[in-house]
Amino acid sequence: MASAAQRRIKSISYAKYGYLFILPFFLVYFFFQLWPLINTFIVSFKGNGTPDTSSLWVGFDNYKDVLFGGNRSANAIHNRFVQCFANTLILWIGNFIPQIALSLSLAVWFTEANLKIPGKGFFKVVMYLPNIITAASVAVLFLQLCGQSQDSPGALNMFFSKIGLVDYDPMSKKYDTIQFIEGCWQSRGVVMFIQTWMWFGNTMIMLMSGIQGINPSLFEAASIDGATSGQVFRKITLPLLTPIMAYTLVTSMIGGLQMFDIPYLYHKDPNKTSKNVETVAVMIFEYFHKPGKQQKMGYAGAISVLLFFVTLILGLISFYMTRDKDEIAKKKQRKKIAKQLKQESKQFGGFSI
């Protein structure tokens, strides 16, 4: 029999302290994020332009114009939205695939017990460092590296000129530069490279934590059975990394669809973003910040809501595709057994035998 003191100790709950610790997050979220989110939905149903028209309730007209067009103005907005959405998908997919491939390769390499790599900690820190550099600094750095002026090209064009990939006219002292900033796929390639370079270290750290969480006895058993490194990776590492891979995919997708800083800053004209790298987030920003009658708050709100639902749908699809099928099968089996036991107990008057 437990004493009264023991029963009193067991009845003490420390849950309230946990709620107190997470309370600041919910307060900050409510005041700085929840209301702006609700207000975005409200603004998406209002008009555009002058303060008089922006307060009018227009219903789903903004969504109709953005998705399907209509008159000349609506068609321009629809075409721009389609172009920006295509740019967003291209830039995200183009940086996510090399990012996940590089991060997964490095994570497996650094966590391999049989490999004695000197200076592992140093390399991890160096690879993570780009993640903490501000996007503005990175954009300015690559603008200088990728300059395309014929008179004073950037470092990359100068280097390509030295090895003969860029023509140079000694008479006029002009360079036939590669259009890294204004070119379509050249500019997209640079933005993809920047995003991959900035974020692969963070993805690598997350995948390493997932690999280190796998039971070492599984790797030891595979080694005893004579499994090769490729077989261990395909049969043990990759399947057990499914949860962290799903998390990486969803967070990368959310960040990719909301990509703003690098595409917005990577252009020569300070008043005009390049159409080749203009993303949906850049379009929303410009509509919110246009002066006077050019401001399109209603369209910006509608595009923001559409982006929210696209992200939600893609996130649900990602979770569905990366779900643990074995665990789902076990759960169904447990439910089936519980249902059978319940039916058997009813047959004996509610008493189980």
Side-chain angles (χ1 to χ4, degrees), residues 29 33 37 84-112 124 127-133 135 138 188-215 218 230-263 277 279-282 284 303-331:
Y29 177 81
Q33 290 184 310
L37 180 63
C84 290
F85 190 72
N87 289 340
T88 304
L89 289 180
I90 290 170
L91 293 176
W92 170 58
I93 295 173
N95 85 81
F96 176 73
I97 293 176
Q99 179 189 147
I100 196 70
L102 179 61
S103 302
L104 186 58
S105 301
L106 290 171
V108 172
W109 190 38
F110 282 133
T111 54
E112 178 61 50
K124 292 176 189 176
M127 291 175 183
Y128 186 78
L129 278 178
N131 189 46
I132 63 177
I133 302 175
V138 174
R188 288 174 177 174
V190 173
V191 173
M192 293 174 191
F193 175 80
I194 293 173
Q195 293 291 128
T196 302
W197 176 67
M198 287 186 67
W199 292 103
F200 86 94
N202 180 67
T203 307
M204 180 191 70
I205 296 297
M206 288 192 295
L207 293 177
M208 285 180 61
S209 66
I211 295 174
Q212 290 173 342
I214 299 174
N215 192 340
L218 296 175
Q231 290 173 331
V232 171
F233 176 75
R234 292 192 305 270
K235 303 295 185 181
I236 298 177
T237 305
L238 205 55
L240 294 178
L241 272 182
T242 300
I244 196 69
M245 290 285 283
Y247 171 79
T248 303
L249 174 61
V250 171
T251 53
S252 174
M253 181 188 61
I254 293 172
L257 293 177
Q258 298 177 355
M259 195 184 306
F260 170 75
D261 37 23
I262 298 298
V277 295
T279 61
V280 176
V282 174
I284 294 170
I303 295 170
S304 300
V305 173
L306 289 173
L307 185 62
F308 168 78
F309 281 111
V310 168
T311 306
L312 178 63
I313 292 169
L314 292 177
L316 292 175
I317 293 173
S318 301
F319 276 118
Y320 178 79
M321 293 177 63
T322 56
R323 69 194 190 281
D324 191 342
K325 296 180 181 179
D326 292 336
E327 183 61 30
I328 293 173
K330 291 178 182 178
K331 190 175 181 180

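Count residues from 1 along the sequence.
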State which residues pass ring pair (Phe, Tyr, Trp, His ring centres under 6.0 Å) with Phe233; sequence neighbours excluded, sorted by chain then number.
-> none
Looking at residues at least two apart in the chain, or sitting in another chain, which of them share a side-chain contact (heavy atoms from CB on, under 4.5 Å) with Ile93?
-> Ile97
In Å, rounded to the nearest 0.5 Å, how long is the span from CG of Leu307 to CD1 of Ile303?
-> 9.5 Å
Residues that Trp199 engages under ring pair (Phe, Tyr, Trp, His ring centres under 6.0 Å), provided they are two or more places apart | none
Taking Thr88 for its side chain and Leu257 for its backbone only, find out whether a donor-acceptor pair lies under 3.5 Å.
-> no
Do Ile100 and Met245 have side-chain heavy atoms sitting under 4.5 Å apart?
-> yes
Exercise answer: donor-acceptor pairs, residues 204-212 side-chain atoms, under 3.5 Å, sequence neighbours excluded:
{"from": "Ser209", "atom 1": "OG", "to": "Met206", "atom 2": "O", "distance (Å)": "2.5"}

Tell me, please, which residues at least two apart from Leu316 pass side-chain contact (heavy atoms from CB on, under 4.5 Å).
-> Leu312
Please list, chain by chain and in numerical order, all residues satisfying side-chain hydrogen bond (donor to acceptor under 3.5 Å, both in side chains) with Asn87, sequence neighbours excluded.
-> Gln83, Arg188
Selection residues 237-263 - residue pairs positive for ring pair (Phe, Tyr, Trp, His ring centres under 6.0 Å), sequence neighbours left out = Phe260-Tyr264, Phe260-Phe285
Set of side-chain hydrogen bond (donor to acceptor under 3.5 Å, both in side chains) partners for Ser103, sequence neighbours left out | none
side-chain contact (heavy atoms from CB on, under 4.5 Å) involving Leu249 - partner list, sequence neighbours excluded | Trp92, Phe96, Ser318
Contacts of type side-chain contact (heavy atoms from CB on, under 4.5 Å), residue Leu218, not counting sequence neighbours = Ile214, Asn215, Ile236, Leu240
With Gln99, which residues qualify under side-chain hydrogen bond (donor to acceptor under 3.5 Å, both in side chains), at least two apart?
-> Asn95, Thr203
Sorted by chain and number, sequence neighbours left out, side-chain hydrogen bond (donor to acceptor under 3.5 Å, both in side chains) with Tyr128 holds for Asn131
For Ala281 and Gln258, which heavy atoms make the closest approach, and how far apart are they?
-> CB-O, 3.8 Å
